[in-house]
Amino acid sequence: MNTPVYPVRWQNDRVLLIDQNRLPNEYTYVEIDLVRDMAEAISTMIVRGAPAIGVAAAYGMYLGAKEIQTTDRDEFLEQLTEIGKTLRATRPTAVNLFWAIDRMEATARQCVGSVAEIIPQLLIAAQQINSDDIATCQAIGEHGLAVLPSSPNKLCLLTHCNAGALATAGYGTALGVVRSAWTQGRLARLYADETRPRLQGAKLTSWECVQEGIPVTVIADSMAAHCMKQGLIDAVVVGADRIAANGDTANKIGTYSLALVAKAHNIPFFVAAPRSTIDFSLPDGSGIPIEERHPAEIYQIGETIVCPPGVEFYNPAFDVTPANLIQAIITEFGAFPPAEIIDLKNR
């Protein structure tokens with residue numbers, strides 16, 4: 001393909017979402033022009049990845065605003081808040097979702113004028129969130145490249161889940177660091193955890209790499225420690241769905257165990273995420289809500305049932321990596337030790 005990937009696009013008064021549930025076998029778009037369809041798309045992971053969810057939710061707020069049938073400003077704002085509540089309930093862990101909705105609601109409240117004047121301002125705000133995220137990811141890529149190990153010259157990096165263009169408005173966070181390393185000649189190979197149970201690494205991260213000719217090797221999640229012991233990994237770079245004020249980080253389930261084995265092998269572990277992913281209202285990771293998803297993600301692969309009847313299931317979508325396992329959190333403002341991200345609160 002060798003063309004930029006934009007999972008959320010505004011076109012002809014509707015939103016186009018890459019259907020990530022159909023990748024890598026089908027590259028198709030879903031057209032969204034109603035807020036209820038946007039909520040469904042976020043919930044069912046047609047669009048996924050914290051920054052991309054935030055962008056999608058922003059457009060969802062605009063679509064919902066257009067559906068409100070009132071010219072009374074106060075009633076409009078009240079109904080817009082209810083639309084925000086619906087969207088907030090779709091993915092409780094991804095803080096970018098809440099950040100984007102808060103920003104859209106603030107835009108509506110701060111707009112002096114009639115309902116007819118507020119609605120177009122919401123579209124402008126959503127488009128700004130969209131374009132800002134692309135610039136943010138490119139900055140994260142540059143800052144990440146600066147803190148990667150200086151030796152060897154060509155690095156082998158390991159990532160988990162998908163924190164690439166598909167998880168953002170474009171370019172990616174963790175995969176943005178990988179892209180920057182590749183374009184600057186500092187990447188030998190990316191190892192991608194398959195990322196059970198939804199296989200975002202195997203399906204999505206590898207797909208993105210193939211499009212751009214980035215050397216990528218998919219491994220089972222349980223192979224990471226072995227690969228580190230064999231000297232195949234120089235650094236680990238992952239994304240985040242929510243970061244507490246002390247640097248504790250929620251990311252796709254399996255990230256915590258990856259950080260532990262990286263620490264055991266003295267391999268640096270980096271988190272790449274925009275400032276909007278930091279939840280300064282939470283002092284530590286114990287307060288991060290962990291979404292539990294349907295057990296079918298565990299007992300079924302495609303149409304094939306892989307577990308016997310009668311077993312029980314536990315399917316948390318995320319885990320929390322303690323800050324003391326993270327060497328640096330890479331943001332659009334630079335890379336910081338976890339203890340220093342509090343300095344970004346007023347940025």
Side-chain angles (χ1 to χ4, degrees), residues 2-8 49-52 54-55 95-96 99 128-192 204-205 208-209 211-216 233-241 243 247 249 251 255 262 267-278 326-347:
N2 293 321
T3 57
V5 174
Y6 301 112
V8 185
V55 174
V95 75
N96 301 68
W99 171 85
Q128 189 65 52
I129 289 172
N130 193 338
S131 60
D132 285 351
D133 188 70
I134 295 174
T136 291
C137 288
Q138 291 171 339
I140 288 171
E142 294 172 6
H143 290 305
L145 178 61
V147 296
L148 289 176
S150 58
S151 178
N153 182 54
K154 287 186 178 289
L155 300 166
C156 289
L157 302 178
L158 173 65
T159 194
H160 188 72
C161 195
N162 173 263
L166 289 168
T168 63
Y171 200 74
T173 53
L175 209 53
V177 176
V178 172
R179 281 188 167 90
S180 294
W182 174 245
T183 57
Q184 294 301 311
R186 294 225 51 217
L187 182 74
R189 177 165 298 275
L190 177 68
Y191 285 84
L204 305 180
T205 295
E208 287 195 43
C209 290
Q211 309 315 305
E212 298 188 33
I214 297 173
V216 59
I233 309 298
D234 299 305
V236 181
V237 187
V238 301
D241 285 81
I243 302 172
T249 296
N251 193 50
T255 303
I267 291 172
F269 184 94
F270 299 98
V271 171
R275 181 208 172 279
S276 58
T277 302
I278 305 172
I326 300 169
Q327 177 156 324
I329 294 174
I330 306 163
T331 75
E332 67 269 37
F333 296 105
F336 302 87
E340 296 180 13
I341 63 168
I342 194 67
D343 296 339
L344 295 174
K345 185 173 183 178
N346 298 318
R347 296 290 289 269

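All values below were derived from every heavy atom in this structure, side-chain atoms included, with hydrogens, water molecules and symmetry-related copies excluded.
Checked options Ile243, Val271, Val238, Ile341; the residue passing with Ile326 is Val271 (criterion: side-chain contact (heavy atoms from CB on, under 4.5 Å)). Of the candidates Leu145, Leu187, Leu148, Val177 forms a side-chain contact (heavy atoms from CB on, under 4.5 Å) with just one, namely Leu148.
With hydrogens and angles disregarded, a donor-acceptor distance shorter than 3.5 Å links the side chain of Glu208 to the backbone of Ala165. Between the side chain of Thr168 and the backbone N or O of Ala163, no donor-acceptor pair lies under 3.5 Å. Here the side chain of Thr159 pairs a donor or acceptor atom with the backbone of Val237 at under 3.5 angstrom. For the pair Arg275 (side chain) and Arg347 (backbone), a donor-acceptor distance under 3.5 Å is present. A donor-acceptor pair is defined here as one N or O able to donate and one able to accept, closer than 3.5 Å; such a pair exists between the side chain of Arg186 and the backbone of Asn153. Put simply, the side chain of Ser151 never gets that close to the backbone of Pro149: no donor and acceptor are under 3.5 Å apart. Side chain of Arg179 to main chain of Gly141: no donor-acceptor pair is present (N/O by atom type, distance under 3.5 Å, no hydrogens or angles).
Taken to the nearest 0.5 Å, the CD1 atom of Ile134 stands 5.0 Å off from the OH atom of Tyr6. Between Ile233 atom CD1 and Leu158 atom CG the span is 4.5 Å, to the nearest 0.5 Å.
Contact check for Trp99 versus Ile129: side-chain heavy atoms found under the 4.5 Å cut-off. Within the 4.5 Å cutoff, side-chain heavy atoms of Pro152 are placed close to those of Asp234. Residues Phe269 and Gln327 form no side-chain contact, since every pair of their non-hydrogen atoms from C-beta on lies 4.5 Å or further apart. At least one side-chain heavy atom of Leu344 sits under 4.5 Å from a side-chain heavy atom of Phe333. Counting heavy atoms from C-beta on, the side chains of Pro274 and Pro51 come closer than 4.5 Å.
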Point to revise | Check against side chain to side chain contact (heavy atoms under 4.5 Å, CB included), Ile214 and Leu175 | key: CA-CA 11 Å; Ile214 297 173; Leu175 209 53; 5.9 Å; no

